[in-house]
Amino acid sequence: MILVENAAIATVDPAGREFTSGHVLVGDDGRIAAVGAGPFTGTAEGARRIDGTGCLVTPGLVNTHHHLYQWATRGLALDETLFGWLTTLYPIWGRLDAEIVGAAAGAGLGWLALSGCTTSMDHHYVFPRDGGDVLAAEIEAARAIGLRFHPTRGSMDLSRKDGGLPPDHVVEDTDEALAATEAAIDHWHDPSPESMLRIAVAPCSPFSVTTRLMTESAELARRKGVRLHTHLAETDDEEEFCLKQFGCTPVEYAERVGWLGDDVWLAHGVHLDDSAITKLGATGTGVAHCPSSNARLGAGSARVRELLDHGVPVGLGVDGAASQEVSHLGAELRQALYTARSRGGPQAMDAREALRLGTVGGARCLGRQDDIGSLEPGKLADLVMWRLDGLGHDGIDDKVAALVFGPPARVDLALVGGRPVVERGELTNADADTLTARARAAHRRLLRVA
Ligand SMILES: [Zn+2]
């Protein structure tokens, strides 16, 4: 048992309950046993007591879009559009192997944990023929850090010779990709409520995947009861591609191939007209909002206010480490708020709504809203205690505002299912210097061989 006391608490529950000084009790089953105002008055014999004075406790942040392997190719193609950036990096990614992906994932997931993330997805879609088991490598990295992990078995099968964007050597045969995706689900996917590992099906994007792979991926996911994810409506170039190739917009294409529904969440959703937003809302299709990546690539800014007003489940994503360099999920709260306000004025989003996107909104995208995303008795004890009494935050009395508007806060404690993954700003289960050294070696080797 763990008992946190004397902390400000934002539960992000449906009633939006907050306490200026309260307690959270975590049971031995890894679930929240109690949360409320003031000190805990029941019996908590044998509990480890943690003093949260000067801190804010929130649900752990949920990262809904990422490409961990890209940690090995950060700082490249810095001034390119998405298509220019991709065509620069595809040949390098074609030389990935399990060691590089494992090293990149370890660094990326360690960094995410230190930024307040307790659950992350990963969209992996590059499977070089002689690269070994890259999916197993990143799953092992997540286990080592201790994060709840939703990796996807992604895919690409539309190369340049067939009218797609990626070069021939980084795509897979359609049947092989589908078979490998099914095998990954059978081998790894755990549907239990406590699950630390769930697989989703994630062909990459309209410009790198055939219509057949999109359609059959949706059929496979539904037959297996797993979720669907892809990139959609990220840039004007993609919209042009869809209009030319399919004679329709990206969302119309998604609808045509069976990709709208409450078991689907889409990365980006930047270029959406009113009818597309209405369709996403009516079908319960989620959006992984990645404001820093969209800004880094100059892709545009998503119409988040309109998405939320239409009931679209919206979560936050850092997106690939190479398309935004920061990969800090805590900082993405502020970026989401600023992006919404830069489009729609100061009323477009407040600090609490930004926190909802980063927590329960993300949980909805991943289909985990019954398990995580808010601090309520019975839910899994995935929580973060942010230190807000230092130079950067002290004096902002509204602690949720301090977290979202202020500089990225230090994570004093992060629990996943009641187990610590970060304590006093350090990883509990891994050494940051070791992760850094391994990732550096992977980056250097990849650039040398590519
Ligand atoms: Zn992405």
Side-chain angles (χ1 to χ4, degrees), residues 62-74 76-77 80-90 92-93 96 101 104-105 108-109 112 117 120-127 134-135 138 149-156 158 164-166 170-171 200-209 214 217 227-239 241 250 254 259 264-272 285-302 314-329 332 335-336 339 362 365-366:
V62 178
N63 182 31
T64 59
H65 186 62
H66 206 355
H67 312 285
L68 287 163
Y69 74 87
Q70 290 179 11
W71 195 274
T73 57
R74 292 189 302 159
L76 302 173
E80 295 281 355
T81 63
L82 174 69
F83 279 17
W85 175 84
L86 282 169
T87 45
T88 305
L89 291 173
Y90 278 138
I92 303 174
W93 296 341
L96 288 173
V101 171
L109 290 165
L112 274 176
C117 173
S120 184
M121 70 82 74
D122 187 55
H123 188 180
H124 193 86
Y125 53 83
V126 187
F127 292 87
V134 296
L135 188 60
E138 63 171 358
F149 198 35
H150 283 228
T152 65
R153 207 307 178 172
S155 46
M156 299 193 290
L158 184 69
L165 194 69
V170 300
V171 306
V201 176
C204 189
S205 62
F207 51 85
S208 62
V209 172
M214 287 300 286
S217 291
R227 296 179 78 74
L228 283 162
H229 181 66
T230 193
H231 293 99
L232 206 81
E234 182 174 357
T235 64
D236 285 326
D237 287 344
E238 177 194 328
E239 172 130 351
F241 179 93
W259 270 74
V264 180
W265 86 106
L266 306 167
H268 303 300
V270 171
H271 298 276
L272 301 174
T285 308
V287 169
H289 177 38
C290 308
S292 290
S293 170
N294 298 151
R296 147 70 155 96
L297 291 168
S301 56
V314 178
L316 297 182
V318 298
D319 199 4
S323 72
Q324 72 114 310
E325 323 298 342
V326 183
S327 304
H328 190 291
L329 193 53
E332 213 62 11
Q335 187 74 22
T339 299
C365 285
L366 300 187

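Given the structure is predicted, the values throughout are model-derived calculations rather than measurements. Whatever order the structure lists ligands and atoms in, that order sets their numbers, starting from 1.
- Minimum heavy-atom separation, M121 to T152: CE-CG2, 3.7 Å.
- Within the protein, the number of N/O/S atoms found under 2.8 Å from the Zn ion (ligand 1) is 4.
- Side-chain atoms of E238 come within 3.5 Å of backbone atoms of A233 as a donor-acceptor pair (strictly under, hydrogens ignored).
- Remark: side-chain polar atoms of R227 are paired, donor with acceptor, to backbone N or O of C365 under 3.5 angstrom.
- Nearest heavy atoms, E80 versus T88: OE2-OG1, 4.3 Å.
- Inspection of the H66 and D319 side chains reveals no N or O donor paired with an N or O acceptor under 3.5 Å.
- For H65 and H123, the gap between ring centers is short of 6.0 Å.
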